[in-house]
Amino acid sequence: MKKVVFDSKEVFPSKIICVGRNYTDHIRELGNKDPEEIVLFIKPNSSISDILLKPDERCRYEGEISFIFKEGQIAGVGFGIDLTLIDVQKRLKEKGLPWEKSKAFDNSAVFSDFVRVDSIDDIRMELWVNGELRQSGSVSQMIYSVDQIVNEIKRYFSINDYDILMCGTPEGVGEFDKGDIFIGKIFSGNKLLTEGRWTAK
């Protein structure tokens, strides 16, 4: 089982529940349609990584606010990078097929350490790539609130301790190369809560 660090301890999520199309500007940049309902998909435990590995195929980074659960409730927050195999996803979507191969492959969910959080109302994120701010977003900009997302998840899936919720990505996604330097930051207002630093390998 792959692990993440939460509250300075190693824990083992059973799955990652991801939200697609949750920021309007990101929907526009990829030319997608607005969702008629909350879009959910799952990455398995095997997708977890603390190293940013670039696949041989074209790959897109998507920085995301990520929450970790304990006793069915959000208990902590971290920074996550959702990796997508661009051409694989395009081919599968055009055929109307499931696109797990493009989203749920090994090492496709990269996380910083998670820290405890009491309030999520003013949580925001920044992703810097090679010293340039590429993405920024907050929970207040999401199409669906965190409460709405959690309620929808509970209709369909059990939430186990240390499962992770990736809340969707704001605009600014892109491809990357080996050697690129990523810094992902999570803030509560102006207070830095946690950050991850990776050099793509």
Side-chain angles (χ1 to χ4, degrees), residues 1-23 37-52 62-83 100 103-127 135-170 182-198:
M1 290 280 284
K2 297 283 194 74
K3 64 182 183 297
V4 297
V5 174
F6 170 45
D7 198 23
S8 301
K9 299 176 183 177
E10 293 182 352
V11 298
F12 300 87
S14 71
K15 60 185 174 294
I16 305 156
I17 304 167
C18 305
V19 182
R21 304 183 186 182
N22 202 24
Y23 285 85
E37 59 184 271
I38 299 175
V39 177
L40 298 177
F41 62 94
I42 286 181
K43 289 177 178 268
N45 173 274
S46 57
S47 67
I48 293 172
S49 180
D50 59 0
I51 300 171
L52 180 56
E62 302 178 7
E64 307 200 14
I65 296 169
S66 301
F67 294 108
I68 197 165
F69 289 96
K70 184 74 182 293
E71 298 178 353
Q73 305 296 321
I74 287 173
V77 65
F79 189 93
I81 302 176
D82 171 19
L83 298 181
E100 276 82 359
K103 280 285 195 180
F105 58 94
D106 288 354
N107 305 307
S108 63
V110 184
F111 294 108
S112 71
D113 288 357
F114 287 79
V115 296
R116 290 191 175 276
V117 65
D118 295 321
S119 172
I120 64 171
D121 293 339
D122 58 352
I123 296 294
R124 63 182 183 89
M125 59 80 81
E126 294 179 354
L127 176 61
Q135 291 188 275
S136 64
S138 69
V139 292
S140 65
Q141 296 172 306
M142 294 176 185
I143 296 172
Y144 297 104
S145 71
V146 176
D147 285 344
Q148 287 177 302
I149 295 166
V150 173
N151 288 336
E152 181 77 354
I153 290 170
K154 289 180 176 180
R155 290 180 59 194
Y156 298 96
F157 309 117
S158 298
I159 298 176
N160 299 318
D161 282 354
Y162 311 121
D163 282 352
I164 294 170
L165 166 62
M166 300 186 81
C167 291
T169 192
F182 285 68
I183 302 176
K185 301 181 179 183
I186 294 290
F187 298 87
S188 176
N190 293 319
K191 180 182 178 182
L192 178 65
L193 297 181
T194 186
E195 70 177 20
R197 294 173 177 260
W198 306 272

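- Without hydrogens or angle criteria, Gln135 side chain to Pro170 main chain gives a donor-acceptor distance under 3.5 Å.
- Within the 4.5 Å cutoff, the side chain of Glu195 has no heavy atoms near those of the Phe79 side chain.
- Using modelled atom types, no side-chain atom of Glu152 and backbone atom of Ile149 make a donor-acceptor pair closer than 3.5 Å.
- Summarising the geometry of Lys2 relative to Ile48, their closest heavy-atom pair is NZ-O, 2.8 Å, with the distance given to 0.1 Å.
- Atoms CD1 and OG, on Ile16 and Ser46 in that order, are 8.5 Å from each other to the nearest 0.5 Å.
- Atoms CD1 and CD1, from Ile143 and Ile38 in turn, are 10.5 Å apart once rounded to the nearest 0.5 Å.
- Of the possible donor and acceptor atoms, one in the side chain of Ser108 sits under 3.5 Å from a partner among the backbone N and O of Lys103.
- Here the side chain of Asn107 pairs no donor or acceptor atom with the backbone of Ser49 at under 3.5 angstrom.
- Checked against salt bridge (charged side-chain N to carboxylate O under 4.0 Å, His left out), Asp50 has no partners two or more places apart in sequence or in another chain.
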Would you sort out whether Phe67 and Val139 count as a side-chain contact (heavy atoms from CB on, under 4.5 Å), showing the intermediate values? CA-CA 11 Å; Phe67 294 108; Val139 292; 4.3 Å; yes
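- Lys15 meets the salt bridge (charged side-chain N to carboxylate O under 4.0 Å, His left out) test with Asp163; sequence neighbours excluded.
- Looking at Lys3, its side chain never comes within 3.5 Å of a backbone N or O of Glu10 through a donor-acceptor pair.
- For Phe114, the ring-ring contact (aromatic ring centres under 6.0 Å, His included) criterion is met by Phe111, not counting sequence neighbours.
- Counting only distance, with no hydrogens or angles, the side chain of Asn45 and the backbone of Pro13 share a donor-acceptor pair below 3.5 Å.
- In terms of heavy atoms, Ser66 sits closest to Ile164 at CB-CG2, 4.2 Å.
- Taking CZ of Phe69 as the reference point, atom CD1 of Ile159 lies at 4.0 Å (rounded to 0.5 Å).
- A search for ring-ring contact (aromatic ring centres under 6.0 Å, His included) contacts involving Phe182 returns Tyr61, Phe176, not counting sequence neighbours.
- A donor-acceptor contact shorter than 3.5 Å links the side chain of Glu64 to the backbone of Gly168.
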side-chain contact (heavy atoms from CB on, under 4.5 Å), that's the test. Do Tyr162 and Lys70 meet it? Break it down for me. CA-CA 6 Å; Tyr162 311 121; Lys70 184 74 182 293; 3.5 Å; yes
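- Formation of a donor-acceptor pair under 3.5 Å by the Arg124 side chain with backbone atoms of Ser188 is not found in this model.
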Under the criterion side-chain contact (heavy atoms from CB on, under 4.5 Å), I'd like the reasoning laid out for Leu52 against Leu83: C-alpha separation, chi angles, the key distance, then a yes or no. CA-CA 9 Å; Leu52 180 56; Leu83 298 181; 4.0 Å; yes
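- To the nearest 0.5 Å, atoms NZ (Lys191) and CG (Asp122) are separated by 10.5 Å.
- For Phe41, the ring-ring contact (aromatic ring centres under 6.0 Å, His included) partners two or more places apart in sequence, or in a different chain, are Trp99.
- You'll find the side chain of Val115 reaches within 4.5 Å of the side chain of Val77, heavy atoms only.
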Checking Leu127 against Thr169 for the side-chain contact (heavy atoms from CB on, under 4.5 Å) test, could you report, in this order, the C-alpha distance in whole Å, the side-chain angles of both residues, the deciding distance, and whether it holds? CA-CA 11 Å; Leu127 176 61; Thr169 192; over 6 Å; no
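- Atoms CD1 and CD1, on Ile65 and Ile120 in that order, are 9.0 Å from each other to the nearest 0.5 Å.
- Here CD of Gln148 is found 11.5 Å from CE of Met142. Values are rounded to the nearest 0.5 Å.
- Asp113 is linked by a salt bridge (charged side-chain N to carboxylate O under 4.0 Å, His left out) to nothing, counting only residues two or more places apart in sequence or in another chain.
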